[in-house]
Every structure is written in C-alpha cells, then in structure tokens.
Amino acid sequence: MTGRDAANAGSRRLAAFVVAAVVAVSCSPGEGPESIPLPTSPDTTTTTSSTTTTSTTTTTTTTTAVPPTFEANIRRTTDGVPHITGRNRADLAYGQGYVSGGDYGCTLMDQILKVEGERARNLGPGDNGQNVDSDFAWRAIGIAEIAARDFEAASPEVVEQFSAFSAGWNQFLRDQGDVGLSGWCVGETWVRPIEPVEVYTYARSVALLASGANFLDFIARAQPPAAPAAETGVPADGTRGRLPAGTGAVDFGVLGNDDLGSNAWGIGSERTETGEGGILVANPHFPWEGELRFAETHLTVPGEIDIYGAQLTGLPGIGIGFTDGVAWSHTVSAGHRFTAYSLTLDPASPTSYLVDGVSRPMTATDHVVEILRPDGTVDTETRTLYASEYGPIIDFPNVGWTDQQVLTYRDANIDNDEFVEFYSDLLDVEDLADLRDTTARHQGVPLFNTVAVGASGETWYADTSAT
C-alpha cells in the first residue's frame, strides 16, 4: 500500500467534524454562585456618558460581557469511539457532553429525573408504583439539595467542567432536536436542555451506588406502626415483622449481587519478559446496561492533556484509563459504605428514639410527588418520611418498624464532594507518583480499589475508598 493509499484508508476509517457554539454563562452580575466568575473577553464593550452641571458630574458606565465559546474537534473511529481535542479542559467537557447527547442522551435525561424525584411526573407511576417509590426515596435522601449546596462551593475547574458538559449536551439537542437522540426517549416532552448542577447532582448520586441507592424501596415505604404492638412485639395490623429479641442479626446480603465482581491485573517490570515497563489489564464488571455502562473516550489538549479511557455514560472526564506515564483501573472494594443503627424507640412514641436514655424525635418531612396517569392527567401523593440524626429511617426485611425498634443508616458518601474533584483532577495525571498524590490530596474515591502501573514498571494497589 502506498503512502497515499494508507492516508486514504485512514481517512475512511476516521471521520472528523468540529462542533462549536457560543454558550451563555449560567449567571449574570449579582446572580448565581460566587464560584462561577463572569467571563472576561477582549471583546467587551464599554459605553460612557457624562452629564455636567454647575455642581455635579455624573458618569454612567455599562459593560457587556461576551459569553465564553467552547469548541471541540470530535473524530470517531470505525467502531464509534470519540477522540475529542480541544484548547482546554472546558472544550473537552463540551465535546463529551455533545457526544453524550447523541450516544446516551436518554440515559442521562432519565437519571436527572431520577435523582430529582421527578420520574413519576414524566414517566408515569411505573410497574407496581416503582417510579413513585423511587421519587419519594431520592427526595428523602436529599442528594439534589446537597449537591446544589456543594456546587456553589465547588472549585472553578469543576464548575467550568460541568457547565461545558451541559452546554455540549444542549448544543447537540439544538443541532439535532430530540429526534437526534439515540434511544427510547425520542419525541418525549420531558427531553429538554439540562443545567450544570443537574449533571453534578447525578454525578454525586453515583457515589451512593453501594449505600443509599440500595435502600430506595426500604426508605420510600418506611412508616411507623399504625397501632401499639402486642406483647409479642408484632403490630396490631400484623403487617410488619420484628427482629427477634437478643439476636441482633440483620441480613444485609439482600443488598448485594453475587454475580458482580471486577478484575484488574497490574504487572510490574520484574514480571515482564523484557524486565522493562509495566502492563495493566482492566476488566470492570459493572452491569454494562442503563446508566452503569462505560463509554470509551480519548481526550487531548495538545501539550497538556492526553488521556484515553472510559467513564460512566452521562459524566465528564475519565474514570479508568491511561496516559503516557501511568495506567489505572478500579474494582469494587469489599468495604462497607454505610453503618446501620438499630434504634431503641421511645415507648411513648414510635417516631422518637432513645440516646443514653434521652428521647429524641425523628425528623418528619412531608414529600409530595406528582404522578402522570395514562389519560394524561396529573395527580399527587404525599408521604411523611422520617430521618434520625444518622440518616433516613428504613423498613428493612425481617426488622420492619415496630413500637420498639427500627433501623436507620449513616452514609459514608452522602457528603463526598471530593469524589467529583478527584476525577476532574485526574485528567492531566502524569505518572504513578502523580496518581498517588492526587488520590491522597482528595481522598474522594467512593467505593473502589485502585490498581495502577507506572511506565517505568512500578505497581500500586490501594483501597482508599470512603468506608
């Protein structure tokens, strides 16, 4: 094959196009989180007018800020893997958002509805009311409120990353319309432009996969006993069980999935045939469906960033991957992401519990969920859900909620705002020492082991996850 033939073949395999847009910033003077600075641009315009009298001079100055421009070059290989090049990190996130809109738009939109507790309003109640229960549970967990608060205090780099990602997603929607989305949401009225904080909220919910996300059903339907318990400890309505006295045994195995388990091999130079370099094999066993799919991506800022790997669909950055100097993967850690507490309830009230003999009332919150019915009408359901000082109250199998006890839990990742900061900071990781320093600096890994190999042949294993 001649050089020209090779070039032609390469061009057939690699289609290139550029997406660019002027994107309005998410705040105007005096509005929005202080951590989002107004854009600066040499193209700002200033007008000045002066009025002079015998005693007073008044000057009025008006400055118009030019919104930032994101630009990304996206090339897809034959099998569709996007290679995204930009001038800076924001451009990369913009390109990832654009790709996500085309490849996984329905998935991200559905996840935003989920974590904001709006599935039933847009998708209907679901089988056996599962969307309704999901909405109540996520509202009780409160990740949307927590994420909104933390986003205001997030680093400028993270705010820019999520702003650019959502801008890319929205640009795809403008370019293609919802008919350009790939999947089951084509033509649905709830497909709309998204906000940076909504993507950030979804990212924060991912950290709860091994904790709060497992308790949704048990949170949504946790209600105090309707009548005083009999001497046996069984409520008069007979609907709730009770932990046998003195056993203290609760089977949390119902939360696990024995069919899941990732693998990773880090092989150092001493175990290679040449005695040089290292090898990493990453074999993650997420379910590879719905939101738990990895999207392969290559991100480049010439002279600054060159990283290849994969990230969960609907999120910016790289979760597992490699640069010239280091490669890393994750497997799910065997540690626990929550602590369960058995509350001894106040005999006078099943919604109060005893701490050192002192009664403390649970926090009761009324949640209202809108529900779309098959005929197009929308009605509402209200549930009062409860929380202890540790976290939500749960109606757990074989324990239930009696007039004597109930379970609650404390989530190790509910306030893990370093999770997003850590993966944002990984984009320009240079070598194994840099990876270790970045891990130590943030301590944001939510539920994973890390297996890594450096280009010079050293290896590293660590479980630094929140436990």
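For the numbers below, each heavy atom of this structure counts, side chains included, while hydrogens, waters and symmetry mates do not. Given the structure is predicted, the values throughout are model-derived calculations rather than measurements.
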Nearest-0.5 Å distance that lies between atom OG in Ser465 and atom CG in Asn413: 8.0 Å
Could you tell me which residues satisfy ring-ring contact (aromatic ring centres under 6.0 Å, His included) with His298, sequence neighbours excluded, listed by chain and number? His83, Tyr308
Point-to-point distance, once rounded to the nearest 0.5 Å, from CD1 of Ile394 to CG of Asp217: 11.5 Å
Across all chains, not counting sequence neighbours, the ring-ring contact (aromatic ring centres under 6.0 Å, His included) partners of Trp265 are none
From the list Phe162, Phe419, Phe165, ring-ring contact (aromatic ring centres under 6.0 Å, His included) partner of Tyr200 resolves to Phe162
Look only at the side chain of Thr323 and the backbone of Gly325, and say whether a donor-acceptor pair between them is shorter than 3.5 Å. yes
Donor-acceptor pair, side chain of Thr408 and main chain of Gly391, under 3.5 angstrom: yes
For Asn283, side-chain hydrogen bond (donor to acceptor under 3.5 Å, both in side chains) partners two or more places apart: Asn263, His285
Results of ring-ring contact (aromatic ring centres under 6.0 Å, His included) for Tyr202 - residues two or more places apart only: none
Ring geometry between Phe448 and Phe286 (parallel below 30°, tilted from 30 to 60°, perpendicular above 60°): tilted
Residues forming a side chain to side chain contact (heavy atoms under 4.5 Å, CB included) with Ala433, sequence neighbours excluded: Asp431
Across all chains, not counting sequence neighbours, the salt bridge (Lys or Arg N to Asp or Glu O under 4.0 Å) partners of Arg373 are Asp379
Salt bridge (Lys or Arg N to Asp or Glu O under 4.0 Å) involving Glu370 - partner list, sequence neighbours excluded: Arg121
Give every residue pair that meets the salt bridge (charged side-chain N to carboxylate O under 4.0 Å, His left out) criterion with at least one member in residues 267-282, sequence neighbours excluded. none
Who are the salt bridge (Lys or Arg N to Asp or Glu O under 4.0 Å) partners of Asp425, not counting sequence neighbours? Arg441
Residues at least two apart in sequence or cross-chain that pass salt bridge (Lys or Arg N to Asp or Glu O under 4.0 Å) with Arg87, listed by chain then number, are Asp91
Report the residue from Tyr94, Tyr104, Tyr98 that forms a ring-ring contact (aromatic ring centres under 6.0 Å, His included) with Phe172. Tyr98
Residues at least two apart in sequence or cross-chain that pass ring-ring contact (aromatic ring centres under 6.0 Å, His included) with Tyr461, listed by chain then number, are none
Check side chain to side chain contact (heavy atoms under 4.5 Å, CB included) between Glu116 and all other residues, then give those that pass, not counting sequence neighbours. Ile112, Glu118, Arg192, Glu198
